[in-house]
Every structure is written in structure tokens, then in C-alpha cells.
Amino acid sequence: MDKFLIVIIGPTGIGKTTTSIEVARHFNTVIISADSRQIFKELKIGTAAPTAQELSAVQHYNIATHSIHDYYSAWEFEQDALAYSERLFKTHQQLVLTGGSMMYIDAVCKGIDELPTVDQELREQLKNQYEQEGIEVMRRQLKQLDPVFYDQVDLQNHKRVIHAVEICLLTGKPYSSLRTNSIKERPFNIIKIGLNLDREELYERINKRVDIMVEEGLIEEAQQFYAHKDLNSLNTVGYKELFAHFDGEYDLDKAIELIKRNSRRYAKKQLTWFKRDSDIKWFKPSELVNIISYCESFMVH
RNA sequence: ACGGAUUUAGCUCAGUUGGUAGAGCAUUGGUCUCCAAAACCAAGGGUCGGGAGUUCGAGCCUCUCAAUCCGUG
């Protein structure tokens, strides 16, 4: 197996785009994005999508491929990313996969179980039931449909409880019986590179990047999609805070402050997730030379 | 300079008739098989501006020093 997927991950704002472009250029290859928000073609500024210049420096896949109105999930991403890689590995020895969406990265590297896509009508119905009757009713349903998962799930987390109920009703089987917990084999090697900095420095970068987004027109971008603020794709840091501001909940300065805070929190969550993955070799964004030689150390025969 | 007010957790403030302190936000740690930039859980942190006095005991009372703010000059 002489094909290598170089996975570059890290918290938001760390500089994954820049590093991955450098790495891709070095190996004369292309980039597959693993970003759950940059897939939306409408959202450019607030998602820090690669610029036209960056996109022309290296061919990117899976960016701006969907509309904010489309349904998309980690499972879909697994399918798309594998399809891209199968095709691209025919002409490349190495490919770069980069992005901050933790579950998308794991979907490609480890695979996720195939579950049916949730029926919109059923989701709507259960959501209404939850909102009207409360979480206790959902818990009782889950306990009846899947007592095994009931004992495992965080019962406070309505999203997880509801989703499990959805899958049970949709398949007629307990949700837990569909979870295999297995790691799928991939027809390529995986090299995982993590980018990180001291917390303080990372937060400074994040704060500064938010200011730059505002200068570049983030507010106008959000304004454009205000009418669609209830779409899941717009339940996104950088937009949801501005929508609340447009609703009159707080002033603009407060909204920008919240965008910074929520970006910091998101970065922290990403790091919590990635920390458990012992396959990741960590570097600072400035250590490009070390990153490349680390990758090459896997490739010599 | 005089009068008044303020000084309690990183920030904004609560603290009842004196019994060694709380909240919100921020911060930190964690969970995670699918609309995940989502959703959820948990934790740490203060010699109560400095000093002295009264008291069995002071964030709360008295004196003094300091800083900040508002008036009047």
C-alpha cells in the first residue's frame, strides 16, 4: 500500500489552510476539505473558506459544493471523501485531507456505521413532541425502544435522545444494535498531523481573525441570509450571534465579542476531541519543514 | 483644597440586625457514530484596597493611609 492520505487537523484559526496548501504543493497534490461549513457555497467570510487565490494555488475538493438549504451529514461526507480519494489516488501518491470538523475527519479515517438518513417528516414530528411534552417523554420512548442505548446515552442531551428514537422508529431495530463500533479498513495509509499553539497565542489569532472577518463584510454576509436564520447550516458561529443582534437582543459590539468567545470555545472542543487520538503527531504551524519530513519518513522504503 | 461616593473571584456586581463569602460572564476539564462551527456535563478561582482598633468573633462598626469617580471651588 503506497498511497498516503495526509490528514491535517487542528483548532479553528490555527492556520490549517495555509499549512495544507504548503504540504500539498510539496507533494504536488490536491486537498480534500473536511469542513462541515465550508461546503456551503453561500458562506464564505464567516467560515474562513479558502480565498480565490488559495483555491487557485492548489486544487480543493468538497468546498462550496452545497447550498445552505441542502441536507448534509458526516455519513455523506464519508461517501464523498472516499469517492474523491479513490479517483484522485489513481493519479497521485499522496492526498491532503484537512479541516476542523472532528466527526468528518473520523468518518474518513475510521468510518461510521451506515444508518438511514432521517426522514424530515419524522424529525419534525419528534421535534414538536419534544418541544410540547418535554424530554421525559422522549426518554421513556427510548427506554422502551432501546433499553441498552438508554443506559449509555447522556439523558440530558435531547439531540442524542431524539436521534436514537428516530433511528429506532425508522428501522424497527434498536439503535444500539446498528452501532458496530468497528474501525473500517481503508485502502490507503493515513498520516495524521495536528497543528496547535499555546492557548493564549491561539486565542489571539482567533480574536484577530474575527475582526478581519468583520472588516471583510461578515455583517453584510449574515444580513443576506437573515431570512434563513433557522436553517441548521446557519446555526453556526459567526452567523447565529449576528442574527440575534439583528433581532435586537444585543448591540453589535456584544455580537462580535460573542463570536470571538464562541470561536474560542469551539477551538477548545476541537482540541478535546483530537487529544484522545493518539495517532496524531502534533506540530506548531511554523514547523512546516518538520511536518514534511515527518510525512516523508513514512514513505521511504 | 473641601464635601460625597466607591474599593469583595480575571470582569460586572450581591452580601440581609457583626458569626472567616455568593451570582452572572470569562476561564478550565470532559462527553461524543451522523444537520456536530451542533447538543450536553462538570470544575477551579477571593489573606473581601493597606494598616490599626472595638469584639469571643468584622466584608459588614471606629480610626488612619492609598487609589478611583462625582460635585463645589
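Labels below follow one simple rule: chain letters A, B, ... track the order of the sequence lines, proteins then strands, and each chain is numbered from 1.
Among the heavy atoms of the strands lying under 4.0 Å from A/Arg160 is at least one base atom, whether or not backbone atoms are also near. Among the heavy atoms of the strands, none lies under 4.0 Å from A/Asp70. Among the protein residues, A/Thr236 comes within range of the nucleic acid bases, having at least one heavy atom under 4.0 Å from a base atom. Using a 4.0 Å heavy-atom distance criterion, A/Gly238 is classed as making no nucleic acid contact. Note on A/Asn262: nothing from the nucleic acid sits closer than 4.0 angstrom, heavy atoms only. As judged by a 4.0 angstrom heavy-atom cut-off over every strand, A/Lys240 is placed among residues touching the sugar-phosphate backbone only. Among the heavy atoms of the strands, none lies under 4.0 Å from A/Glu257. Counting non-hydrogen atoms under 4.0 angstrom, A/Tyr104 reaches the backbone sugars and phosphates but no base. Within the nucleic acid shown, A/Ser263 has no heavy atom closer than 4.0 Å to any nucleic acid atom. Note on A/Tyr266: a base of the nucleic acid sits closer than 4.0 angstrom, heavy atoms only. In this structure, A/Phe40 reaches neither bases nor backbone, as no heavy-atom distance under 4.0 Å exists between it and the strands shown. Within the nucleic acid shown, A/Ser176 has no heavy atom closer than 4.0 Å to any nucleic acid atom. Within the nucleic acid shown, A/Lys260 has no heavy atom closer than 4.0 Å to any nucleic acid atom.
Taking atom C1' in both B/rU27 and B/rA66, one finds a spacing of 31 Å when rounded to whole Å. Taking the C1' atom of each, B/rG15 and B/rG59 are spaced 8 Å apart, rounded to whole Å. Rounded to whole Å, the P atom of B/rG19 lies 12 Å from the corresponding atom of B/rC61. When the P atom is compared between B/rG24 and B/rC63, the two are found 36 Å apart, to the nearest whole Å. The same atom, C1', is picked in B/rC56 and in B/rG18; the two are 12 Å apart, to the nearest Å. Taking the P atom of each, B/rA42 and B/rC25 are spaced 14 Å apart, rounded to whole Å. Comparing the same atom, C1', in B/rA23 and in B/rA9 gives a spacing of 11 Å after rounding to whole Å. The gap from the P atom of B/rU47 to that of B/rA39 amounts to 36 Å, rounded to the nearest Å.
In this structure, A/Arg37 does not reach the B/rA38 phosphate: none of its side-chain N or O atoms is under 4.0 Å from OP1 or OP2. For B/rU33, the OP1/OP2 oxygens have no side-chain nitrogen or oxygen of A/Lys184 closer than 4.0 Å. For the pair A/Arg276 and B/rG29, the criterion of a side-chain N or O lying under 4.0 Å from OP1 or OP2 is not met. Neither OP1 nor OP2 of B/rG29 sits under 4.0 Å from any side-chain N or O of A/Lys269.
Aromatic ring orientation, A/Tyr84 versus A/Tyr61: tilted (interplanar angle from 30° to 60°). Between A/Phe243 and A/Tyr226, the ring planes are tilted. Angles from 30° to 60° get that label. Taking the six-membered ring for Trp and thresholds of 30 and 60 degrees, A/Phe77 and A/Tyr72 have ring planes more than 60 degrees apart, a perpendicular arrangement.
One atom, CG of A/Leu258, and another, P of B/rC25, lie 11 Å apart when rounded to the nearest Å. For the pair A/Leu202 CG and B/rU28 P, the interatomic distance rounds to 10 Å; values are reported in whole Å. Counting to the nearest Å, the P atom of B/rA39 and the OH atom of A/Tyr130 are 11 Å from each other. Look at CZ on A/Phe274: it is 14 Å from P on B/rA36, rounded to the nearest Å. Counting to the nearest Å, the P atom of B/rA42 and the NZ atom of A/Lys268 are 14 Å from each other. Going from atom NE2 of A/His158 over to atom C1' of B/rA38 covers 9 Å, rounded to whole Å. Atom C1' of nucleotide B/rA38 and atom CH2 of A/Trp273 are separated by 11 Å, given to the nearest angstrom. Residue A/Ile39 contributes atom CD1, which lies 12 Å from atom C1' of B/rA36 at whole-angstrom precision.
In the displayed structure, A/Gln53 atom CD is contacted under 6.0 Å by at most 12 heavy atoms of other residues, nucleotides or ligands. Dense packing is recorded around CD of A/Glu220, with more than 12 heavy atoms of other residues, nucleotides or ligands lying under 6.0 Å away.
Each of A/Lys268, A/Lys269, A/Arg209 was compared with A/Thr12 under the side chain to side chain donor-acceptor pair (under 3.5 Å) criterion, and only A/Arg209 meets it.
Of the candidate nucleotides B/rC40, B/rU28, B/rA38, B/rC40 has the atom lying nearest to any side-chain atom of A/Gln156. When distances are taken from the side chain of A/Val237 to each of B/rG30, B/rA38, B/rU33, the shortest belongs to B/rA38. Here the side chain of A/Asp154 is nearest to one of B/rU28, B/rC41, B/rA36, namely B/rC41.
For B/rG3, the paired nucleotide is B/rC70, the pair qualifying as Watson-Crick or G-U wobble because both relevant distances are below 3.5 Å. The partner of B/rU17 cannot be assigned: no Watson-Crick or G-U wobble pair with both contacts below 3.5 Å exists in any strand. Checking B/rU12 for Watson-Crick or G-U wobble geometry (two distances, each under 3.5 Å) identifies B/rA23 as its partner. In this structure, B/rU47 forms no base pair with any nucleotide, since neither Watson-Crick nor G-U wobble geometry is met with both distances under 3.5 Å. Nucleotide B/rU62: paired with B/rA52 (Watson-Crick or G-U wobble, both distances less than 3.5 Å). B/rU28 is paired with B/rA42 under the criterion used here, namely a Watson-Crick or G-U wobble arrangement in which both key atom distances are under 3.5 Å.
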Audit row: A/Glu241, A/Tyr250, side-chain hydrogen bond (donor to acceptor under 3.5 Å, both in side chains) steps and yes/no: CA-CA 9 Å; A/Glu241 298 85 354; A/Tyr250 37 69; over 6 Å; no
side-chain hydrogen bond (donor to acceptor under 3.5 Å, both in side chains) between A/Gln141 and A/Gln129, intermediate numbers included: CA-CA 11 Å; A/Gln141 269 191 81; A/Gln129 193 185 10; 3.1 Å; yes
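Projected onto RNA chain B by closest heavy-atom contact, A/Gln270 and A/Trp75 fall at different nucleotides, the more 5' of which corresponds to A/Trp75. Comparing A/Ser101 and A/Ala74 by the nucleotide of RNA chain B that holds the closest heavy atom to each, the one mapping nearer the 5' end is A/Ala74.
From A/His66, atom NE2 reaches atom CG of A/Asp80 across 6.0 Å, with rounding to the nearest 0.5 Å.
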